[in-house]
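Order of appearance sets the numbers: ligands from 1, and atoms from 1 within every ligand. None of the values given here were measured: they were computed from a predicted structure.
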Amino acid sequence: MRYKSYSVKSFEKLPFVRKMDKEDIENIKVVSKIFPFKINEYIASLVDWNNYKDDPIFRLIFPHKDMLDSKDFEKLKNSNDEKLIYDIRMKLNPHPAGQMENIPEINGKRLEGSQHKYKETILFFPKQGQTCHAYCSFCFRWPQFIGINELKFASKEVEILIEYIKANPTITDVLFTGGDPLVMSTKLLKAYIKPLIEAKIPHLKNIRIGTKALSFWPYRFLTDEDANELLDLFKYIVDSGYHLAFMAHFNHYKELQTDEVKEAVKKILSTGAIIRTQSPLLRHINDSSKVWEIMWKEQVALNMIPYYMFVARDTGAKRYFELPLSKAWEIYKGAISNVSGLARTVRGPSMSAKPGKIAVVGVSEINNEKVFVLNMLQAKNPDLVDIPFFAKYDEKASWIDELKPAFSEKFIFE
Ligand SMILES: *Cc1c(COP(=O)(O)O)cnc(C)c1O
Ligand code: SF4
């Protein structure tokens, strides 16, 4: 298959559109004034078009009427006013959890396309990787796809990156992320990665690539013009003595079931890379234990390692996707209890909040008080990692800022 993406202006050319209601098509056009939308024929082939309305892949890709406040939706229906669109976007919290913070500096130079929040790992956002093969409707990076430029982390500054890593011996990991860095050509990707490897920084051990290409476009590893060259690049990284970790984004087991994805996974693993998987928990897409249980089992069967379950972030159409933390934990518990130890490598449900990654370990009763047991999996202050702490149980709370500490005045990170 040759890569061709369809936008809101062109998707009606695709054959499946004949199966859709007129109203749904119109609604997509209205809501995509706010959220980015893009599709290709491979992803479209994962949707069961005879029952598309509640199909998880349909919900993953297509903007939905309920993602907007009904009043805003009505206003947008008859208007393309830029101010209206801007105001609605701003109401949707496009700057969650300190995304504009943690920008590293070295010798007076700001490393704009990077983020250094946890001491071991620096995130690097290659400029040309700030897009994706398609857009997940829940994505917290949505502002950068619609060109709110101050949020567009971008950098050609691999030289400064190297200088920064050299000066910071706690850094063991570089995580290339986006968007999706694998929308870049291999040539471009090589221009970022090769100098980093050639710099032979002794404390740098792990190269990670955060990507959804396995779900959105497995041909990236199979038949794209530079697919083999890409696999060779992976092999070069591994052969140079680095751990190469694919942080693969999968939201539903339906993304794991095509011959293409299975073949692509094999090819990646054959380079010596490891594939770890992660996903947020999302209403309408994967809000049942069974979905996660099947997904983790299939991932293990394909030799991938389940890694993180995230709580949906406080941005965009959060109300549409969100689940209470109590429910998130129940779903996690229901799934993890039914898989073997090989899939219990996954941690979560975890909130990527300002102080760090906070997991809901469980619900417990202590001194007749019902509480959430929480734990920091990652923290800006590493001394706080792995010290269980407590919050008053609240059935409806869906984010850490809605919780109140139990047995103490403050949370440990405050
Ligand atoms: C999750 C995350 C990382 C990586 O954390 P690990 O637990 O090592 O996978 C790094 N930086 C940021 C900002 C993150 O959110
Ligand atoms: S693949 Fe990742 S970065 Fe791209 S739209 Fe989906 S969640 Fe966002």
At a 4.0 Å cut-off, with the gap strictly under it, does some heavy atom of Glu120 reach an atom of ligand 1? no

Could you identify the single nearest non-hydrogen protein atom to [atom] and state the distance to 0.1 Å?
atom: atom 7 (O) of ligand 1; result: Tyr308 OH, 2.5 Å
atom: atom 12 (C) of ligand 1; result: Tyr118 CE1, 3.5 Å
atom: atom 9 (O) of ligand 1; result: Tyr307 OH, 2.7 Å

Which one holds for [X] and ligand 1: side chain close, backbone close, both close, or neither close, with close meaning a heavy atom under 4.0 Å?
X: Leu123; answer: side chain
X: Lys119; answer: neither
X: Gln115; answer: neither

So is Gln378 polar-close to ligand 1, meaning N/O to N/O under 3.5 Å? yes

N or O pair under 3.5 Å between Arg208 and ligand 1: yes

Ion pair check, [X] and [Y], cut-off under 4.0 Å:
X: Glu293; Y: Lys290; value: yes
X: Lys187; Y: Glu225; value: no
X: Asp239; Y: Lys235; value: yes
X: Glu23; Y: Lys65; value: no
X: Asp24; Y: Lys53; value: yes
X: Asp173; Y: Lys119; value: no

From atom 8 (Fe) of ligand 2 out to just under 2.8 Å, does an N/O/S atom of Cys132 turn up? no

Minimum non-hydrogen distance to atom 3 (C) of ligand 1, winning option of Lys357, Gln278, Lys117: Lys357

For atom 8 (Fe) of ligand 2, the option (of Gly129, Ala134, Cys139, Gly178) bearing the nearest heavy atom: Cys139

Okay, side chain of Asn40, backbone of Ile43: is any donor-acceptor separation there less than 3.5 Å? yes

Where do Leu60 and Ile285 come nearest, in terms of heavy atoms and distance? CA-CD1, 3.6 Å

With the side chain counted from C-beta on, respond yes when Val346 and Tyr332 share a heavy-atom pair under 4.5 Å apart, and no when they do not. yes

Can you name the atoms of ligand 2, numbered from 1 with element, that are less than 4.0 Å from a heavy atom of Tyr135? 5 (S)

Work out whether the distance between some heavy atom of Gly179 and some atom of ligand 2 is less than 4.0 Å. yes

